Amino acid sequence: MSKTGRPGGAGFAAGLNERQAQAVAAIEGPVLIIAGAGSGKTRVITCRAAAMLEQGIPQSAILALTFTNKAAREMETRVKELTSRKLQNLTTSTFHAFGVKILREEIAALGYRKNFSIYDEADRAELIRQILRELGREGAADPRALGQVFSQVKTGCLAWGDGADPSFEAVYEEYQESLKVFNALDFDDLLAKPIALFESRPDILDKYRRRFRYIMVDEFQDTSAVQYRLMRLLADRNVCVVGDDDQSIYSWRGANYENIQRFERDFPGALEIKLEQNYRSTATILEAANGVIAHNTKRKEKTLWSGGAGGKPISLYTFPGEGEEAAFIALEIKKRRLEEGRSYDDFGVLIRTNSLIRHLEEALLAENIPHKISGGTSFFQRTEIKDVLSYLRVAANTDDDVNLLRIINTPRRGIGKTTIAAVSERAKEGNLPLWEAMRSLRYARDALFPEMPGDGCGGIDEFMTLIERWRENLLGKRGLSQKVRALVDEIDYWGYLVSEYRKDEQKARWKFSNIGSLIQSIGVWERDPDNLDPTLYPYLNRISLLSRDDADDGADKGKVNVMTIHASKGLEFPVVFIAGAEDGIIPHARSLEEGEANIEEERRLFYVAITRARDKLVITSCARRRRQQSALDQTPSPFLAEIPAHLVEYGEARNEEPMSAERCFALMKQRFQGR
DNA sequence: GTTCCGTTTTTTTTT
DNA sequence: AAAACGGAAC
C-alpha cells in the first residue's frame with residue numbers, strides 16, 4: 001500500500017511476501033487466491049497486471065473484472081502508477097460495464113439498436129407499475145418487490161411455480177416485451193444478453209476469447225452464478241480469481257461463494273494461494289475481527305495474523321439519540337484531526353443503511369467538515385437530476401417510454417392523464433413505443449385519435465418538436481455541458497421548480513443548484529483528457545452504471561468518507577467509525593425476517609466494517625432512534641458482545657462532548673495563529 | 001381535462 | 001420526510 005510506482009526492473013514487486021510474490025508470478029494457468037481482509041489483495045492483483053505488461057503481454061489481452069466502479073477505477077489508476085504507462089487499451093471494469101461494452105458493439109445481433117437505454121431499479125419498478133395498471137392488476141403486487149422477483153427469475157435463482165408466484169408470469173412476459181419495444185435493457189440484461197449473444201453466436205464469442213487471454217476477477221466471493229457463467233464462457237485457462245468467503249456480503253443479489261468450489265471443479269489443477277498475513281490493521285482490531293467472525297459456522301478456516309502487537313483499544317459509545325451520535329462523531333473527527341495530525345480523508349464513517357446518512361451529513365455540515373457521501377439518496381436518484389437525465393435519455397433513444405413519460409409533462413405543458421391514455425392505447429394496439437404513436441398522431445390525428453383533447457395535442461406537438469430539435473443538437477460532438485445548460489434554460493426548469501415548491505423557495509433553489517452541479521460534473525467529464533469520446537452516448541452509459549457512486553472523484557481528496565458498509569468494501573481508513581451499531585440495524589431486522597440463517601451474512605458485514613480500520617475503531621449506538629415517525633428504544637448490536645472484552649473501552653460520551661468542543665476550539669485557534 | 005392539495009405509505013445492502 | 005395517490009377546484 002505504501003510502496004508504489006518505482007520505475008525500472010521489477011521494482012513494483014519489491015516488498016511482497018513469499019506468497020504474494022508467488023501469486024504475482026503465476027501468470028499462466030488458473031489461479032485461485034484466498035485473500036483475507038487487508039492481506040494486500042489489491043496490491044497483488046495490480047502487481048500481477050503490471051508483471052504481465054512487463055512480460056510483453058499486450059494490454060488489450062488483459063481483462064480485469066471487479067465488483068464496484070470504485071474498485072475498477074482504483075485498480076486502473078494503481079496499475080497506471082506502477083507501470084507509468086497510459087494504458088488506454090487495458091480493460092478494467094465491473095461485470096456490468098463490461099457487458100455494456102460488448103453490447104454497444106454487438107447488440108444488433110440480438111435485434112436491438114445500439115442506442116439502447118439502461119433501466120435501473122426505479123425505472124424497472126415504474127415500468128412494472130404501468131404494466132400492472134394496463135393489465136388491470138394494480139395493487140396486486142408491489143412493483144419494486146415484483147422487480148426483485150423478475151430479477152431472480154432472470155438470473156435463474158427462482159422459477160415460475162418454484163418460489164415465484166406463477167400468476168405474475170404474464171406480467172413478466174409483458175415486461176420483457178416492453179423492454180424490447182423500448183429498446184431498453186435492465187441491469188440483469190447487461191449480463192444475460194452478452195451470455196445469450198455468446199451462446200448463439202460462436203463466431204462473436206471466439207473473437208472475444210481470442211482477445212482476452214488473461215482474465216482476473218476480484219471480489220470473487222461476490223460473483224453471481226450469471227457472472228461466473230460469463231467469465232467461464234470467455235476464459236481459456238489463464239484465469240485468476242481472488243476472493244474471501246468471510247467477506248461475502250452480496251448473497252441477496254445472487255452472489256454465491258460456492259463459485260469458489262465451482263472454480264476448483266472447472267479449472268482442475270488450479271494453483272491455490274492463501275494470503276493470511278494482514279498488513280492493514282493493528283493486532284487489536286484484527287483480534288476483534290477474528291473474535292466476531294469465529295461465530296460463523298459455515299466458513300473456510302483461516303486466521304489472519306499481523307506482524308505487530310497491540311494497538312489502541314476499540315471505543316464503544318452509546319448516545320440518547322441519533323443527533324447526539326452524529327454530533328459526537330463530527331466533533332471527534334475534528335478533535336482527532338487536530339490532536340493526531342490527521343487529514344479529513346483519514347476518516348471513514350460506516351453505516352448499515354443509507355437512511356442513517358442523513359444525520360451524519362447534517363452534523364458534518366454544521367461543523368463545516370468537508371465530507372464525501374457515497375450512497376444515500378444518491379445524487380443521481382434525486383428527482384431534479386432524474387428529470388434532466390430523462391431529457392438526455394429520450395434524446396438518445398426516443399423509444400424509451402419510461403423516461404419519456406417522466407418528462408412528457410415536466411415542466412407542465414398540458415399533457416394530462418387523458419391525453420397520455422389516448423396515445424398509450426394507440427401504442428399498445430400497434431405494439432409501438434409511445435414516440436411512434438405520437439408521430440402517427442401528428443400526421444393522422446383525426447382518423448386515429450377522435451377523442452384526443454385539443455390542448456393535449458398541442459402539448460404533444462410542442463414536446464416532440466422540442467425533443468427533435470435537441471436530439472440533433474445533443475448528439476453533436478462538442479460542448480455537451482453547455483448544451484444541457486441551454487436545454488434546462490429553454491424548458492425553464494427553474495420556473496417549474498418555483499411553481500412546484502412555491503411554499504419553499506429554499507428547496508427550489510437547492511434543487512436547481514443540484515442541476516448546476518450535474519452540469520458542472522458533465523463539464524469535468526468532457527474536459528478529461530483521458531476521455532476519448534465526450535459525447536452523449538458514452539456519458540449516459542457511464543451515468544447509468546454509476547448511479548450509486550459519486551459524481552466527481554477529482555475533488556475528493558481531503559474529505560471525510562461517509563458510506564454504507566457495502567460500499568466500503570475494499571477500502572481502508574486509519575480511523576473508522578461504525579455508527580448505528582444497534583440490534584435491528586446491524587443484524588438488520590429485515591434481513592433476519594427472511595431467514596435466521598442471514599445472521600451469518602450480517603456478521604460478515606460487521607466483520608468487513610471492522611477490518612476497514614487501520615489504527616483506531618470507534619463504534620457508536622443510540623438508546624433511542626427515530627424510525628419512520630415515532631422514536632423506538634434500541635439495544636446495542638449483539639455483535640458487540642462478540643468482540644473480546646479486553647479489547648474494548650467504554651467511552652463517557654456525556655462528559656467528553658462539551659469538553660472536546662472547547663478543546664477543539666482552542667486547538668483550532670492555536671493552529672490558526674500558527675499560520 | 002388538468003392542476004392543486006391533503007392524505008397515505010414507506011426504507012437493506014448495489015450493478 | 002418524501003413521493004405517490006385520490007378527490008376537489010379550476
Side-chain angles (χ1 to χ4, degrees), chain A residues 65-72 93-100 118-122 124-126 129 133 138-139 142-145 148 151 155 185-191 219 222-224 226-227 248-255 350-358 374-378 380-383 386 409 411-422 451-457 459 499-504 507 511 544-549 563-569 580 584-594 598 601-602 604-605 608-609 626-629:
Chain A
L65 294 168
T66 63
F67 203 66
T68 60
N69 294 305
K70 214 180 267 166
S93 75
T94 63
F95 273 96
H96 288 83
F98 179 64
V100 171
I118 299 170
Y119 281 5
D120 67 11
E121 208 175 297
R124 178 179 70 188
E126 189 53 40
R129 232 189 57 217
R133 189 178 305 172
E138 255 178 298
D142 169 30
R144 269 190 61 162
Q148 276 165 24
S151 167
T155 52
L185 302 178
D186 64 18
F187 275 141
D188 298 309
D189 287 332
L190 299 181
L191 305 172
E219 307 288 7
D222 286 327
T223 48
S224 65
V226 176
Q227 289 166 330
S248 163
I249 53 176
Y250 283 95
S251 67
W252 49 276
R253 248 182 73 178
L350 310 185
I351 62 266
R352 169 72 238 262
T353 71
N354 282 307
S355 53
L356 303 183
I357 287 184
R358 213 191 155 72
S374 18
T377 308
S378 123
F380 292 99
Q381 313 252 75
R382 300 198 161 130
T383 2
K386 288 203 91 170
N409 201 30
R412 300 196 190 282
R413 33 178 93 80
I415 305 176
K417 241 185 287 178
T418 335
T419 311
I420 291 174
E451 281 153 41
M452 171 69 65
D455 35 348
C457 201
S499 71
E500 285 296 294
Y501 299 94
R502 69 181 54 138
K503 291 157 287 182
D504 194 350
K507 197 170 193 177
K511 290 196 172 238
S544 319
L545 297 171
L546 209 72
S547 42
R548 221 83 182 181
D549 233 291
M563 66 185 83
T564 63
I565 300 172
H566 282 90
S568 76
K569 193 156 65 136
I585 292 183
I586 270 223
H588 200 279
R590 261 298 210 303
S591 160
L592 298 185
E593 264 169 38
E594 280 167 21
N598 283 345
E601 174 141 328
E602 295 289 316
R604 287 194 291 270
L605 210 40
V608 168
R626 279 171 53 114
R627 297 270 285 166
Q628 288 147 221
Q629 266 133 314

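Keep in mind that this is a model prediction, so the values were computed, not measured. Hydrogens, waters and symmetry mates play no part in the numbers below; they use all other heavy atoms, side chains included. Reminder, nothing fancy here: chain letters follow the sequence lines and each chain counts from 1.
Rounded to the nearest 0.5 angstrom, A:Ile586 CD1 and A:Leu350 CG are separated by 8.5 Å.
Legend: residues meeting side-chain contact (heavy atoms from CB on, under 4.5 Å) with A:Ala122, ordered by chain and number and at least two apart, are A:Asp120, A:Lys386. Remark: A:Ser251 engages A:Glu601 in a side-chain contact (heavy atoms from CB on, under 4.5 Å) (not counting sequence neighbours). The ring-ring contact (aromatic ring centres under 6.0 Å, His included) test applied to A:Phe98 returns A:Phe212, not counting sequence neighbours. Every residue was checked against the salt bridge (Lys or Arg N to Asp or Glu O under 4.0 Å) condition with A:Arg590, not counting sequence neighbours, and none meets it. Not counting sequence neighbours, the partners of A:Phe67 by the ring-ring contact (aromatic ring centres under 6.0 Å, His included) test are A:Tyr250.
Rounded to a whole Å, the CD1 atom of A:Ile565 is 11 Å from the P atom of B:dT13. C:dA2 atom P lies 9 Å from atom OH of A:Tyr501, rounded to whole Å. Rounded to an integer number of Å, the gap from A:Arg129 CZ to C:dG6 P is 10 Å. Separating the NE2 atom of A:His566 from the P atom of B:dT13 is a distance of 9 Å, rounded to the nearest angstrom. The interatomic distance linking A:Phe67 (CZ) with B:dT15 (C1') rounds to 7 Å, in whole Å. Taking atom CG of A:Leu191 as the reference point, atom P of B:dT14 lies 18 Å away to the nearest angstrom. For the pair A:Lys511 NZ and C:dA3 C1', the computed distance is 10 Å after rounding to whole Å. For the pair A:Tyr119 OH and B:dT15 C1', the interatomic distance rounds to 17 Å; values are reported in whole Å.
Out of C:dC5, B:dT14, B:dG1, the shortest distance to the side chain of A:Thr418 is found at B:dG1. Listed candidates were B:dT13, B:dG1, B:dT15. Nearest to the side chain of A:Asn354 is B:dT13. Of all nucleotides listed (B:dT15, B:dT11, C:dA2), B:dT15 comes nearest to the side chain of A:Phe187. Of the candidate nucleotides B:dT12, B:dT11, B:dG1, B:dT11 has the atom nearest to the side chain of A:Arg144. Relative to the side chain of A:Thr383, the nucleotides C:dA3, B:dT12, C:dA2 differ in distance, and C:dA3 lies closest. Among C:dC5, B:dT12, B:dT14, the nucleotide with an atom closest to any side-chain atom of A:Thr564 is B:dT14. Closest approach to the A:Arg133 side chain among C:dC5, B:dG1, C:dA2 is made by C:dC5 (side chain taken as heavy atoms from C-beta onward). Residue A:Thr419 places its side chain closer to B:dG1 than to any other of B:dT12, B:dG1, C:dA1.
Within 4.0 Å of A:Phe95, counting heavy atoms only, lies no atom of the nucleic acid at all. Among the atoms of the strands shown, only primed sugar atoms or phosphate atoms (P, OP1, OP2) are found under 4.0 Å from some heavy atom of A:Asn409.
In this structure, A:Asn598 and A:His588 have side chains that are not in contact, with every pair of non-hydrogen atoms separated by 4.5 Å or more. Contact annotation: the side chain of A:His96 approaches that of A:Gln227 to within less than 4.5 Å [non-hydrogen atoms, C-beta and beyond].
At a cut-off of 3.5 angstrom, counting only N and O atoms as typed in the model, there is a donor on one side and an acceptor on the other between the side-chain of A:His96 and the base of B:dT15.
Both A:Arg412 and A:Glu601 sit near DNA chain B, but only A:Arg412 has its closest nucleotide nearer the 5' end. Each of A:Glu500 and A:Arg590 was matched to the nucleotide of DNA chain B holding its nearest heavy atom; the match closer to the 5' end belongs to A:Glu500. Summary of the strand contacts: A:Glu126 and A:Lys417 both lie near DNA chain C, and taking for each the nucleotide with the nearest heavy atom, the more 5' one is attributed to A:Glu126.
Paired regions of DNA chain B, where each region holds three or more successive Watson-Crick or G-U pairs whose two hydrogen-bonding distances fall under 3.5 Å, are B:1-10 with C:1-10.
Here A:Ser591 does not reach the OP1 or OP2 of B:dT13: none of its side-chain N or O atoms lies under 4.0 Å away.
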